[in-house]
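Structure first, then comments.
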Amino acid sequence: MRSRTKPTTGEKPASPRKAAIAKLVPAPKADGDDDAEDKQRGGGVQSLGRAFSILEEVARHREGIGLAELSKLVGLHNSTTFHLAKTLVSLGYLRQEKDNKRYRIGRPLFALAASALDEIEMVSVATPVLEELSRQTGESGHFAVRMGDAVVVIARTSGPGAFQLTDRVGVVRPAHCTALGKIILASLRPEQLKRFIDRVELKPSTPRSISDVGALMREIAEVQRTGVAFDDGEFNPEVRCVAVPVTDFTGQVIGALGISGPIWRLSNQALHAGAQVVQAAADRLSVEFGAKDRAQKAFTQKA
């Protein structure tokens, strides 16, 4: 979009993204309403481009933005901006504060973003973090998400050491006797956890498995307090695991990240030491998913 006036001193050049939008959205005329031009050109695509430019500009202003400033930044007439913003407010994608009339992003946009973060994208984002985690610890790395009353491993990597675990991607594990599963259980709301306890039989996988409801509730409370879960031969008598939560931009726990290794190599001392490395990896992955705070805060708030 070529400006009809000379740029002021110190004006920043348009970003590639804004330039792309500018090709779709012609510059507004000096007089007359932009809506008239939209109607003349059958401006459905043009209006769509303008609506997205408004959404993007509002998203950049977390403190909110007024109509006049918004119109100036997107290069549209005040009335055009008002009508487009009004439509976006009616759809819920924008919200307008009653006291100062400033626009902010609406909740449906966050829901759309969360839906877009499907398992395929999660795997592509998680795999590099897991690879680095395996290099650092020498153990197998796992990223799991909830699947009903169990957890499913959707990404895994092997460490450089000998005798690596052979669990495949897609394997389903019980929640009550795995470190990954305990993280997921600890993230549930109280009513969700109660329903889980009421309907799930706590079948032991090994003699060390938790099969008592009271013991499991105490274990989950500890996980909520510390943000770390352990599996000391509870699912496989020859394997120890440690896991921590991964959160997204909403602060919700979306999965669990952990490492596993044979008990003769991954002692309890090594397991607790490895928890710090796993936590650092989970923090990095949470940032990739849009989180700003450490994942453990989600558990602290619940507790």
Side-chain angles (χ1 to χ4, degrees), residues 119 123 126 130 133-134 137-159 161-188 192-193 196-246 253-275 277-279 281-282 295 299:
E119 289 187 4
V123 170
L130 285 174
L133 178 61
S134 289
T137 62
E139 304 297 350
S140 299
H142 308 273
F143 179 58
V145 297
R146 182 184 179 189
M147 191 178 77
D149 291 329
V151 293
V152 56
V153 177
I154 64 172
R156 70 171 301 277
T157 54
S158 296
F163 301 102
Q164 292 292 312
L165 301 182
T166 58
D167 278 350
R168 67 187 185 281
V169 170
V171 67
V172 179
R173 293 287 181 249
H176 69 283
C177 58
T178 58
L180 297 167
K182 291 174 188 177
I183 289 294
I184 300 301
L185 290 179
S187 72
L188 298 179
Q192 290 178 311
L193 182 58
F196 172 85
I197 294 296
D198 289 342
R199 67 174 173 259
V200 174
E201 182 182 357
L202 305 181
K203 294 181 178 179
S205 297
T206 75
R208 300 185 66 87
S209 299
I210 297 176
S211 56
D212 175 73
V213 172
L216 179 61
M217 294 300 291
R218 289 191 293 273
E219 181 86 355
I220 292 173
E222 181 65 12
V223 174
Q224 291 174 334
R225 185 183 70 82
T226 63
V228 182
F230 298 97
D231 166 9
D232 186 5
E234 296 172 45
F235 179 74
N236 183 328
E238 302 298 323
V239 175
R240 288 193 177 101
C241 314
V242 58
V244 299
V246 174
V253 175
I254 59 172
L257 187 75
I259 57 171
S260 301
I263 58 174
W264 55 264
R265 184 170 66 211
L266 201 56
S267 65
N268 279 317
Q269 182 179 0
L271 197 68
H272 283 77
V277 182
V278 176
Q279 180 66 72
F299 288 96

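Sequential numbering from 1 along the given sequence is applied to the chain's residues.
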Roughly how far, to the nearest 0.5 Å, is the OG atom of Ser134 from the CD1 atom of Ile259?
8.5 Å
Mind listing the closest non-hydrogen atom pair of Ser209 and Ser205 along with its distance?
OG-N, 2.9 Å
State, with a plain yes or no, whether a side-chain heavy atom of Leu133 is found less than 4.5 Å away from one of Thr157.
no
Taking C-beta and beyond as the side chain, do Ser211 and Glu201 meet within less than 4.5 Å on heavy atoms?
no
Contact between Ile254 and Val145 at the side-chain level, heavy atoms closer than 4.5 Å - yes or no?
no
I need the minimum non-hydrogen distance between Leu193 and Ile220, along with the two atoms involved.
CD1-CD1, 3.8 Å
Can you tell me how far apart CZ (Arg208) and CG (Asn236) are? Round to the nearest 0.5 Å.
12.5 Å
Are any non-hydrogen side-chain atoms of Leu202 and Asp212 less than 4.5 angstrom apart?
no
Can you name the closest pair of heavy atoms from Ile184 and Ala144 and give their distance?
CD1-O, 4.5 Å
Quick check: do Arg156 and Val171 have side-chain heavy atoms less than 4.5 Å from each other?
no
Among Val123, Val153, Leu130, whose side-chain contact (heavy atoms from CB on, under 4.5 Å) with Phe143 holds?
Leu130
Of all heavy-atom pairs linking Val244 and Ile183, the shortest is CA-CD1, 3.7 Å
Just verifying a value: how many Å separate Thr178 OG1 and Asp231 CG, rounded to the nearest 0.5 Å?
6.5 Å
Checking the side chain of Ser140 only, and the main-chain atoms of Ser158 only, is there a donor and an acceptor separated by less than 3.5 Å?
no
Value rounded to 0.5 Å, distance of CD1 in Ile263 from CG in Asp232
8.0 Å
Answer whether the closest heavy-atom distance between the side chains of Glu219 and His176 falls below 4.5 Å.
no
Within a strict 4.5 Å, meaning less than it, do heavy atoms of the Arg146 and Val253 side chains meet?
no
Output the distance between atom CG (Leu188) and atom CD (Gln224), rounded to the nearest 0.5 Å.
9.0 Å
For residues Val223 and Ala186, report the shortest heavy-atom separation together with the two atoms involved.
CG1-CB, 3.6 Å
Show the nearest heavy-atom pair for residues Leu216 and Phe196, with the distance to one decimal.
CD2-CE2, 4.4 Å
Are the side chain of Thr206 and the backbone N or O of Gly233 linked by a donor-acceptor pair below 3.5 Å?
yes
Please lay out, stage by stage, how Glu238 and Trp264 fare under the test side-chain contact (heavy atoms from CB on, under 4.5 Å).
CA-CA 8 Å; Glu238 302 298 323; Trp264 55 264; 5.5 Å; no
For Glu234, the option from Arg240, Arg173, Lys182 that meets salt bridge (charged side-chain N to carboxylate O under 4.0 Å, His left out):
Lys182
